[in-house]
Amino acid sequence: MSFDHFSAALGGLGLFLLGMWLITEGLRVAAGLSLERLLSSWTSSRLRGLLSGTLLTALVQSSSAVTVAALGFVNTGLLRFERAVWVIFGSNVGTTLTAWLVALVGFKFKVDLLALPLIGIGALLRVFAPVDRYRNLGMALAGFGILFLGIQTLSSGFDSLGQQVSLNGHEHNILLMVLVGMLLTTLMQSSSASMAVVLTALAGGLLGFHDAAAAVIGANVGTTSTALLATLGATSNARRLAAAHVMFNVLTGVVALILLVPLLALVHWLAELLSLQDDATSQLALFHTCFNLLGILLMWPLESRLSAFLLTRFAERQSSAAKLQYLDRNVATVPDVAVPALLKELDRVLVQYPGALADLPDHRPQRQRVAQDRRQVLTGIGDFLAGLSKKSLTESQAQQLSTGWRIQHNLVNVDDALAVMDGNGVAMARREDHSVVKELLTPWFEEVRARMADDLGPDPGETSFEAYQSGYDHTKSAVLQAAITGRLSRQTLDLALQDLSLSRRLLEQWHRGLEHYRKMQQSQPEGPVTEPEPTDSASPSSERQ
């Protein structure tokens, strides 16, 4: 193979991958909350979950985006794991649309007549459209054009190679081609790109149909590498869904290899019915579809046992209080799903703060350990938001991100104040007048704790420091009076006044954080809740019950 032919094949593959990325990003952002609403309302049964996964993957041209969206709904309790599994299975079927696009459009039309106008129109929309959605649709259109140019360039490289080398008729190549398909998908992290390479190699005469079918099986099994990589640092639900994805693809691949001869006979029969008997690339796309439908038939009777098994696996390796339960880097790839997951994560942090004031002004070692776990979660939320900020965001999503940063910053300030007050408690405990200062400050901290708990209730009170002013002024006057009468030393007075000032700052930051939190809550669209899965994690409502 000459360098010119190699560079043509490599450049075509690069154009195809770039086109796929533009299509996925453009359609994912343009779909926005539509993807979220469809998943929330179309997954009430395994069949509806299967159809929604298939449809959404066909629309956004990315099984990964649909998988992460499903994961976000599982993490927030709006989608049962058993239903999310069928969304994942359906996304595998949805990826077959790419194969049909390549087979029916990429090799049947004069690509220049189709691709160049798509690139031109898409670029104009991307630059001049006044609305985010249209700009992203323009990016997707340009992506389709670049994808078709990639197919043409890739095809020219393989055509030349097919005239020099042919692997037709070597039946012993079946297992080798399965490994080649797996390797292609693992290296490119895209089964669609692998499918395009195999289709082009078939069209150029480099591969026979049997070998191409084996490579397709390998490409599908190779997608498990993407799923396994996604589990690194992921939540338990993410690992469970990745395991379901791996089991589905591996089982389907093994059975398809065992039944390869009858499966190919079925494809040839269907091709004759559809008048595709002279079109090898369309037949391979048909095989890809039949192969994935075979997986659905295999999993239909097995899914309930598989889900029950997976729900008992992948327990957290560290204290759940110190680990993010709803957020990971996978969820960050779909900003509209990330926001409800972020709210759920904040829920379990917010409910801890009223209890954090219990027994103040005394120091309690247990409170310090809980505070360390909480700070670790807040740091994780900050890291998540930093990762999310690197994604392509609409104006609305960027505003949500900004609100999330404010909440995280406010809660970090609350924790900083609590840490200093806890240290002051250690210093006060060493002083002879400890019982006096405790008697003076305890009612104030109890009032603050009770009001913060009420703030999390269905009917929160006034969210400003004015609601606390009377109790604050009374406590401060009592502390100063005790110092004047000699009941408190100057050192203890300093510590007590510092605690009062810190409690005021704590309340200001608490209420600002709650205000931003409720603003984020109100911005979320109301949609149907689909059989929420019971969770062990705390939320403001469960904490109050």
Side-chain angles (χ1 to χ4, degrees), residues 1 5-6 8-13 15-17 19-20 95-111 147-185 187-188 190-223 253 256-257 260-261 263-272 274-292:
M1 186 177 185
H5 299 149
F6 174 78
L10 186 62
L13 180 60
L15 286 171
F16 184 89
L17 288 171
M20 284 297 300
T95 58
T96 62
L97 177 64
T98 305
W100 284 107
L101 277 175
V102 174
L104 296 177
V105 179
F107 298 120
K108 301 295 185 297
F109 295 91
K110 187 171 176 56
V111 171
L147 181 145
F148 293 137
L149 278 182
I151 293 170
Q152 182 187 49
T153 308
L154 189 63
S155 179
S156 67
F158 277 122
D159 280 344
S160 301
L161 181 61
Q163 295 170 9
Q164 304 170 34
V165 180
S166 177
L167 301 177
N168 289 336
H170 298 282
E171 296 298 330
H172 61 278
N173 283 339
I174 296 297
L175 291 179
L176 176 62
M177 294 311 301
V178 170
L179 293 176
V180 168
M182 292 175 63
L183 181 63
L184 282 173
T185 302
L187 291 176
M188 293 186 288
S190 170
S191 60
S192 297
S194 301
M195 191 68 195
V197 170
V198 175
L199 281 165
T200 309
L202 175 64
L206 178 62
L207 290 179
F209 192 81
H210 281 66
D211 289 340
V216 168
I217 294 174
N220 262 43
V221 175
T223 59
L257 279 176
L260 184 58
V261 173
L263 191 58
L264 288 175
L266 172 65
V267 169
H268 290 312
W269 177 71
L270 291 173
E272 289 183 5
L274 299 172
S275 300
L276 298 174
Q277 62 270 26
D278 298 324
D279 186 351
T281 55
S282 294
Q283 287 185 52
L284 189 61
L286 182 60
F287 172 80
H288 188 214
T289 303
C290 292
F291 165 73
N292 279 285

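In this text, all values refer to a predicted model and were calculated from it rather than measured experimentally.
Residues Ala99 and Leu199 come closest through the heavy atom pair O-CD1, 3.7 Å. Considering every non-hydrogen atom in both Ala213 and Leu264, the closest pair reads CB-CD2, 3.9 Å. Residues Leu263 and Ala256 come closest through the heavy atom pair CD2-CB, 4.3 Å. The minimum heavy-atom distance linking Ala280 with Leu202 is given by the pair O-CD2, 3.5 Å. The heavy-atom pair separating Met182 from Gly218 by the smallest distance is CG-O, 3.0 Å. Residue Cys290 comes nearest to Leu270 through the heavy atom pair SG-CD1, 3.8 Å, listed as atom of the first residue, atom of the second, then distance.
The closest side-chain heavy-atom distance from Leu15 to Leu147 is not below 4.5 Å. At least one side-chain heavy atom of Ile217 sits under 4.5 Å from a side-chain heavy atom of Leu260. Contact of the Leu207 side chain with the Met177 side chain is registered, since non-hydrogen atoms from C-beta on lie closer than 4.5 Å. Within the 4.5 Å cutoff, no side-chain heavy atoms of Val221 are placed close to those of Val178. Side-chain atoms of Thr98 and Met195, non-hydrogen and from C-beta on, never get closer than 4.5 Å to each other.
No side-chain donor-acceptor contact under 3.5 Å links His268 and Gln277.
In this structure, the side chain of Thr289 engages the main chain of Ala285 through a donor-acceptor pair within 3.5 Å. Between the side chain of Ser194 and the backbone N or O of Thr185, at least one donor-acceptor pair lies under 3.5 Å. Within the 3.5 Å criterion, the main-chain N or O of Leu276 finds a donor-acceptor partner in the side chain of Gln283.
Outside the 6.0 Å centre-distance limit, the rings of Phe287 and His210 are not counted as a close aromatic pair.
Of the residues listed (Thr95, Thr96, Asn220), the one engaging Asn292 in a side-chain hydrogen bond (donor to acceptor under 3.5 Å, both in side chains) is Asn220, and it is the only one.
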- Could you please spell out the steps behind the side chain to side chain contact (heavy atoms under 4.5 Å, CB included) verdict for Phe148 and Val102? CA-CA 8 Å; Phe148 293 137; Val102 174; over 6 Å; no
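Leu257 CG to Leu175 CG: the interatomic distance, rounded to the nearest 0.5 Å, is 7.0 Å.
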